2 protein chains.
Amino acid sequence: MNASPRRKELTRLAAQLFVQEGFDRTTVRMLAQEMGIKSGSLFHHFKDKQEILAAVIEEGTQNALMIARKALDQCAADPEARLRAMARAHLETLFTDRNAHVVALFEWRRLDPTASAHLSHLRDAYEALWVAVIDDALEAGLIHGDRFLVSRFVLGALNWTVRWYDPSGPRSPDELADELVAMIMPNAV
Amino acid sequence: MNASPRRKELTRLAAQLFVQEGFDRTTVRMLAQEMGIKSGSLFHHFKDKQEILAAVIEEGTQNALMIARKALDQCAADPEARLRAMARAHLETLFTDRNAHVVALFEWRRLDPTASAHLSHLRDAYEALWVAVIDDALEAGLIHGDRFLVSRFVLGALNWTVRWYDPSGPRSPDELADELVAMIMPNAV
DNA sequence: GTCTATAGATGGATAGAC
DNA sequence: GTCTATCCATCTATAGAC
């Protein structure tokens, strides 16, 4: 839709608040203050609060998709390397880029049905990327199990890091990703 | 605290609504209606909405702890069997017993600091159970990695099932748990 | 594009009768 | 222990001036 630089910046600030407080507890007054305007002015940029959430989630999922594609493009065809690259990319969008992807994952249910339907193809595209990479690893015999189950377990393990991992701690997001891959692929290096 | 049968029943109903709607979107009027009383009467049983959440989360964590302990008591000392038992117990409290444990996991951040501090020992006891079981599997050489990382990855994979798994589908929670254990322990049966 | 002002709705919680 | 009635805070969203 509308993707003015101004709106992009406002979306970025909204994402930050949504992660800190959760969507429901974030008021339009809080959003406006963070953006340096009054709450009434906010509705010049967004139709309503729902549209802000939709913008954040679209941004976050789009971003995750782009980062993952770039990561896959830059690495070899080796299934293990590709799996590692996906895990790293996922954590990068959660902790380095920050916020918007976290909102997409944890506040998806707060989208109204229309917005959810409109954005689901983005989420599906991202998950399809994962299933393809998992598939390759399965065919190469690196891991075993059902493609969808493995994908969802791995994504669950990665997503839940938001609840406990401190990116300013001793371990980098990349190391974290590598540890997860090592856990499910014990025969590799 | 107070654990009258009446309060237990109200807590159970509250858990159901909190899972369906989320804590923030659940109003005291909705809670009262589900309980068959008027909203004013609710405050005879609970000091405020926060106390309802605390009751649900205490119930959910307590329950997870009990189920897990019982499961461990009933199985052999074999590390693989114990890990499988823990995974099964975890999914059992999420999908069979239902609701209260889901609230404990997904709405913990909504607890006020006092309640959170008061309940954290329960959550810690449950996680300690996990770390101990993971530890045994590590020492037995069944899996590899850091004890805390493995625990959190596994718990993350299990917790995230709430977002996608349909317990009324073809796969039972026990089968799901077994698939996860197989994923990280590929050399076992 | 931002402001002030406020409408209109809904939320948590209380008081006091029964 | 439940009811009715209601207070009061707060929230989303709108209207119209600048």
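The chains referred to below are lettered A, B, ... by the order of the sequence lines, with proteins before strands, and numbering in each begins at 1. As the structure is a computational prediction, the values presented were derived from the model and not from experiment.
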**OP:** Scan residues 12-21 of chain A against DNA chain D and write down, sorted by residue number, each residue with any heavy atom closer than 4.0 Å; if none is found, say none.
**Re:**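 Here the set is empty: none.
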Subject >> Counterpart residues, ring-ring contact (aromatic ring centres under 6.0 Å, His included), relative to B:F23 (two or more places apart) >> reply: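 If we apply the ring-ring contact (aromatic ring centres under 6.0 Å, His included) test to B:F23, skipping adjacent residues, the hits are B:F18.
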Subject >> Donor + acceptor pair across side chains of B:D166, B:S168 (<3.5 Å) >> reply: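 The answer is yes; a qualifying pair exists.
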Original post:
Relative to each other, are the rings of A:Y126 and A:H90 parallel, tilted or perpendicular (30° and 60° limits)?
Top reply: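 Parallel, since the angle between the ring planes stays under 30°.
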What I want to find out is whether [X] reaches [Y] closely enough, with some N-O distance under 4.0 Å, to be called a salt bridge.
X: B:R12; Y: B:E59; result: no
X: B:R152; Y: B:E127; result: no
X: A:E92; Y: A:R88; result: no

**OP:** Treat primed atoms plus P, OP1 and OP2 as sugar-phosphate and everything else as base, then score nucleotides 2-18 of chain C 5' to 3': B for base contact with protein heavy atoms under 4.0 Å, S for sugar-phosphate contact only, - for none.
**Re:** BBB------BBBB----
Original post:
Between CZ of A:R82 and CG of A:D135, what distance do you get to the nearest 0.5 Å?
Top reply: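 Answer rounded to 0.5 Å: 12.0 Å.
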